[in-house]
Amino acid sequence: MGVNNKEMNYTINLFGITREIVGVSQYQLTLDSPANVTTLLGHLKEEFPALKQIKSLLVAVNSEYANPEQAILPSDEIALIPPVSGG
Amino acid sequence: MILISDTPIDIQACIDSVQSERAGAIDVFIGTVRNHNKSKAVVRLEFETYDVMAVKKMTELANEARKRWDIEKVAMVHRKGVLDIGDVAVVIAVSTPHRAASFEACQWLIDTLKQVVPIWKKEIYEDGQEWLEAHP
């Protein structure tokens, strides 16, 4: 890894089935390039293939549903949102 | 009153919170824990919630309902944690000047809550457990 590479640390909040798959309620993901929603999901699905089995997997950024191309900053509050089933 | 509660929901407090002298109707939806789902016997439920976002989304739903109907007040309270059969999982109360709006708004609120509010339900059976809606 070159000296110019800047590591970005993201904290992913996990709930329900995603928490059980990953095994923790907050997962630290370190990337060497800036992420958007799609690339972040890609990294997580690569590390935890069982996430690919979930019917739909959205990302919330700062308590708002995010678009696939939305950029994510390490300071953002990030959460995986598997299919909701309240009520 | 919009909140996620880790203790039993006080239904009367929800109703009291929407009382208004301008209201001619209060419609209340109470969601309870059923002992079966798709022919499987359910022993208990576990609700997990993303509290900050859930409250934000429920507040947005209440505000959206106020735009769609003539509403006095809205209460939305959802449980988290372990619930037994018959326990109250969610209460929605809506007060309106006239009853038609309270029925419609209350149904829209619970239907939309189930679609967008980050709350997850795990059913516990005699011989297993399942996060609902998680898999195709």
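In the text below, chain A, chain B and the rest are named by the order of the sequence lines, each starting its count at 1. Only a predicted model underlies this, so the values are computations on that prediction, with no experimental measurement involved.
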**Neighbourhood of chain B inside residues 38-59 of chain A, taking heavy atoms under 4.5 Å as contact** =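 Result: A:Gln53, A:Ile54, A:Lys55.
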**chain B contact residues among residues 14-21 of chain A, heavy-atom distance under 4.5 Å** =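 Against chain B, the residues of residues 14-21 of chain A that fall inside the cut-off (heavy atoms, under 4.5 Å) are A:Leu14, A:Phe15, A:Gly16, A:Ile17, A:Arg19, A:Glu20.
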**Prompt:** Taking only heavy atoms into account, what residues of residues 43-53 of chain B are found under 4.5 Å from chain A?
**Reply:**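 The list, in residue order, reads B:Phe47, B:Glu48, B:Thr49, B:Tyr50, B:Val52, B:Met53.
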**Prompt:** Which residues from residues 110-117 of chain B are near chain A, with near meaning under 4.5 Å between non-hydrogen atoms?
**Reply:**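 Listed by number: B:Ile110, B:Leu113, B:Lys114, B:Gln115, B:Val116, B:Val117.
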Membership question, hydrophobic clusters at under 4.5 Å side-chain separation (ILVMFWY): are [Y] and [X] in the same one?
| X | Y | result |
| --- | --- | --- |
| B:Val77 | B:Val55 | no |
| B:Ile85 | B:Val82 | no |
| B:Ile26 | B:Ile30 | yes |
| B:Leu109 | B:Val18 | no |
| B:Val28 | B:Leu61 | no |

**Asked** chain A heavy atoms under 4.5 Å from B:His78: which part of the residue, side chain, backbone, both or neither?
**Response**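 Side chain only.
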**Prompt:** Side chain, backbone, both or neither: which part of B:Trp131 has an atom under 4.5 Å from a heavy atom of chain A?
**Reply:**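 For B:Trp131, the contact with chain A is made by the side chain alone.
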Counting only heavy atoms not in [X], do more than 12 fall under 6.0 Å of its [atom1]?
| X | atom1 | answer |
| --- | --- | --- |
| A:Glu64 | CD | yes |
| A:Gln28 | CD | yes |
| B:His98 | NE2 | no |
| B:Arg68 | CZ | yes |

**Message:** I need the minimum non-hydrogen distance between B:Trp120 and A:Pro83, along with the two atoms involved.
**Reply:**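 Distance-wise, the nearest heavy atoms are CD1-O, 3.1 Å.
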**Prompt:** Which pair of heavy atoms, one from A:Ser85 and one from B:Leu132, lies closest together, and at what distance?
**Reply:**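 Between these two residues, the closest heavy atoms are OG-O, 3.8 Å.
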